[in-house]
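Here is the structure we will look at, set down as structure tokens.
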Amino acid sequence: MFILTPPTSLTRQSARPSHRCSGQSRRRALRMALTEGPPTLSSLSPHQPPSWWELSDDEKRKAMTLPSSLTNAFRAQYVPFDTTTHPQAAAERHSLDSVVYRSTVTQGLLEVQHDMDALRQVSAPQWKELFDRRAGRTVFPYGSGVWSKKEWVLPGIPDEDVVSMFEGNSNLFWAERFGKDVLGMDDLWVKQCGNSHTGSFKDLGMTVLVSQVNHMIRSKSANIKAVGCASTGDTSAAVAAYCAAAGIPSVVFLPADKISVAQLVQPIANGSVVLSLDTDFDGCMKLIQEVVNEFPIYLANSMNPLRLEGQKTVSVEIAQQFDWQVPDWVIVPGGNLGNVYAFYKGFAMMRELGLTDRMPRLVVAQSANANPLYQAYVNGGHRGDWSHYRAVPAKRTLASAIQIGAPVSIHRAMRAIDGTQGVVEEATEEELMDAAALADRTGMFNCPHTGVALAALIKLRERGMIGVKDRAVVVSTAHGLKFTDSKVDYHERKLHNAASRYANEIYRVPADLGRVVDALRERGLF
Ligand SMILES: Cc1ncc(COP(=O)(O)O)c(C=O)c1O
Ligand SMILES: N[C@@H](CCOP(=O)(O)O)C(=O)O
């Protein structure tokens with residue numbers, strides 16, 4: 001039974017008969033199921049409604065789910081991402097239970113398409129109420145930030161096939177001091193996607209991909225022996241953890257000596273087959289595509305659109321955290337460029353289903369050492385002409401997870417920028433490390449990629465593009481603890497390409513009270 005009242009006034013609904021379609025048009029019956037008034041409270045107590053914690057497990061699960069008469073109509077399938085060059089591809093469709101990564105007609109990327117008419121049978125207030133009710137609960141899998149939006153993600157998967165670590169529901173940090181003191185802004189927020197199981201936003205997409213693999217293996221709909229990816233360190237960590245949780249073998253291709261020790265140890269610990277390859281990320285990506293085309297290894301990179309279905313839920317979560325308001329700006333560090341499109345998709349879906357009424361402006365922030373989208377943007381992309389796009393050799397950057405020169409989702413990113421009056425900005429090594437360090441001084445602990453996004457924000461504020469009164473969200477994509485080497489080097493002033501303007505030194509002081517007091521006095525503490 002779909003209960004329309006908030007959790008604090010949930011009632012003992014499960015005893016009531018469920019709706020049947022009995023001759024009426026199905027659509028009308030579905031609407032009735034949803035629009036029926038709030039249930040009475042008297043069955044439990046004449047005085048006060050039961051609280052959430054008074055409900056039985058069955059009642060809680062019922063309160064978390066929509067009637068099957070509705071959910072049976074929800075469908076998703078693969079379609080080509082872009083059919084402009086091949087109109088005949090418009091008819092191409094693939095089941096999510098098939099192993100396919102590219103359009104068989106265009107050879108281009110695929111997209112997960114939902115039946116929006118079916119989803120529209122639930123009204124916008126009902127979706128909001130349902131998502132709010134699920135947030136952070138323990139009922140599996142709906143308490144996950146991703147699976148609380150299950151109908152918008154993988155509507156057909158049985159709950160028991162879902163592999164979830166209750167990802168999402170990450171803190172939307174009000175960057176009060178950084179906003180006010182550094183940028184003169186009151187309404188600056190940092191979405192802490194790195195506060196998660198494997199320490200990056202990749203968990204959001206990987207729970208969906210590995211769940212679908214688990215489903216295909218259990219239902220024997222596909223021959224899959226392992227899940228594999230190329231990685232700059234975060235995708236591999238998420239693949240390894242989710243596959244280990246599901247008992248599915250995994251293999252990761254890593255560019256030798258180009259990822260942090262903390263990232264490297266994650267797939268090792270989780271039992272992946274770890275291949276360290278003498279190439280860069282783009283080389284690893286090329287190899288994994290060749291391998292998955294020949295062998296029963298399932299591709300886990302974001303070229304696979306299943307990943308984006310999970311990642312798009314961050315947009316929904318951000319709107320939800322703002323009581324269903326859309327921020328003016330969302331700034332995302334970009335590498336392989338799947339994530340910015342996931343953001344776009346999430347915001348577009350909310351608007352299409354009436355939960356919100358506008359799109360934010362999306363900003364992709366790239367490292368100046370690996371900036372193919374930025375170059376294409378300044379060479380025409382800012383006015384919608386992307387014809388000058390070229391892949392570039394990615395140079396070494398401290399934002400090592402976005403050291404990518406031939407992004408797989410380049411066309412997806414272009415659509416996200418075009419569709420949101422978006423902007424692309426870049427940050428040098430010095431700018432990204434300074435921005436991260438400055439923001440750290442106000443209580444954050446940023447990874448270098450978040451530093452890239454913060455540096456882009458600073459530039460757009462300085463240029464007056466982002467206004468003082470604007471509401472902006474910076475997406476923090478990984479936990480700073482995965483990247484301590486570069487932070488230590490910054491504070492020890494060991495970086496050859498940054499002056500470390502905000503370095504904070506350690507003082508070595510003899511263990512003597514007088515010397516300790518002197519040291520504190522010299523530092524102006526009293
Ligand atoms: C920490 C971190 N930030 C940002 C990104 C960029 O995301 P995307 O590749 O989806 O652009 C990645 C991976 O590429 C990453 O690992
Ligand atoms: N930063 C990524 C690069 C690969 O991106 P993906 O989203 O396509 O898997 C990583 O951590 O590997």
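The model shown is predicted, which means the values in this text are computed figures rather than measured ones. Each ligand, and each atom within it, is numbered from 1 in the order the structure gives.
- The shortest N/O to N/O separation between L337 and ligand 1 falls below 3.5 Å.
- Among all protein heavy atoms, the one lying closest to atom 7 (O) of ligand 2 is R307 NH2, 2.7 Å.
- An N or O contact shorter than 3.5 Å is missing between Q311 and ligand 1 by distance.
- If you check the side chains of S409 and N336, you find no donor sitting under 3.5 Å from an acceptor.
- For atom 5 (O) of ligand 2, the closest non-hydrogen atom on the protein side is K202 NZ, 3.3 Å.
- For W189 and F322, the ring centers are positioned less than 6.0 Å apart.
- By the 3.5 Å distance cut-off applied to N or O atoms, A401 is counted among the residues near ligand 2.
- Ligand 1 is never approached by S302 to a heavy-atom distance shorter than 4.0 Å.
- A salt bridge is defined here as a Lys NZ or Arg NE, NH1 or NH2 lying under 4.0 Å from an Asp or Glu carboxylate O, and K487 with D440 meets this definition.
- Judged by distance alone, the side chains of H114 and E309 do bring a donor and an acceptor atom under 3.5 Å apart.
- In this structure, Y101 has its ring center closer than 6.0 angstrom to the ring center of Y298.
- If you run side-chain hydrogen bond (donor to acceptor under 3.5 Å, both in side chains) between T397 and each of Q403, E429, K258, H449, only E429 comes through.
- Q263 does not count as a contact of ligand 2, since none of its heavy atoms falls under 4.0 Å from the ligand.
- Contact annotation: for M285 versus ligand 2, there are no heavy atoms closer than 4.0 Å.
- For atom 16 (O) of ligand 1, the closest heavy atom belonging to the protein is D234 OD2, 2.6 Å.
- Ligand 2 lies within reach of G233, whose nearest heavy atom is under 4.0 Å from it.
- Listed by number with element, the atoms of ligand 2 under 4.0 angstrom from any heavy atom of D234 are 10 (C), 11 (O).
- Contact annotation for N301 and ligand 2: heavy atoms of both the backbone and the side chain come within less than 4.0 Å of the ligand.
- Distances from ligand 1 to the non-hydrogen atoms of P333 include at least one value under 4.0 Å.
- Salt bridge annotation for E431-K459: present, with a cationic side-chain nitrogen under 4.0 angstrom from a carboxylate oxygen.
- The N/O atoms of F201, backbone and side chain alike, include none that comes under 3.5 Å of an N/O atom in ligand 1.
- Among protein heavy atoms, the minimum distance from atom 13 (C) of ligand 1 is reached at K202 NZ, 2.9 Å.
- Ring centers of W152 and F131: under 6.0 Å apart, within the cut-off.
- Distances below 4.0 Å separate heavy atoms of A478 from the following atoms of ligand 1: 1 (C).
- The N/O atoms of G335, backbone and side chain alike, include one that comes under 3.5 Å of an N/O atom in ligand 1.
- Note on D328 versus R358: salt bridge recorded, some NZ/NE/NH1/NH2 to OD/OE distance being below 4.0 Å.
- The pair E111-R412 does not count as a salt bridge, with every side-chain nitrogen at least 4.0 angstrom from each carboxylate oxygen.
- For atom 3 (N) of ligand 1, the nearest non-hydrogen atom of the protein is T477 OG1, 2.7 Å.
- The option with the heavy atom closest to atom 4 (C) of ligand 1, from among T232, I259, I404, I402, is I402.
- Contact between K482 and ligand 1 is absent, with no heavy atom of the residue lying under 4.0 Å from the ligand.
- Counting only heavy atoms of the protein, atom 1 (N) of ligand 2 lies nearest to T232 OG1, 2.8 Å.
- The contact set between ligand 1 and G338, taken as ligand atoms under 4.0 Å from a residue heavy atom, comprises 8 (P), 10 (O), 11 (O).
- The closest side-chain donor-acceptor pair between D234 and Q263 falls under 3.5 angstrom.
- Looking from atom 9 (O) of ligand 2 to the surrounding protein, the closest heavy atom is T235 OG1, 2.7 Å.
- Between R471 and D187 there is a salt bridge, with a side-chain nitrogen of the basic residue lying less than 4.0 Å from a carboxylate oxygen of the acidic one.
- Remark: the T104 side chain and the E92 side chain contain an N/O donor-acceptor pair separated by less than 3.5 Å.
- Between H491 and Y502, the distance from one ring center to the other does not fall under 6.0 angstrom.
- For atom 10 (O) of ligand 1, the closest non-hydrogen atom of the protein is N339 N, 2.8 Å.
- In this model, a donor atom of one side chain and an acceptor atom of the other lie less than 3.5 Å apart for D82 and T84.
- When each atom of ligand 1 is checked for a heavy atom of N336 under 4.0 Å away, the hits are 8 (P), 9 (O), 11 (O).
- The aromatic ring centres of Y341 and Y344 sit less than 6.0 Å apart.
- Annotation: atom 6 (P) of ligand 2 to nearest protein heavy atom, S302 OG, 3.4 Å.
- Residue F281 approaches ligand 2 through these ligand atoms, each under 4.0 Å from one of its heavy atoms: 3 (C), 4 (C).
- Aromatic ring pairs are classed by plane angle as parallel below 30°, tilted from 30° to 60° and perpendicular above 60°; the pair Y377 and W386 is tilted.
- Of the protein's heavy atoms, S231 OG, 2.5 Å lies nearest to atom 12 (O) of ligand 2.
- Near G334, meaning under 4.0 Å from one of its heavy atoms, ligand 1 places the atoms 11 (O).
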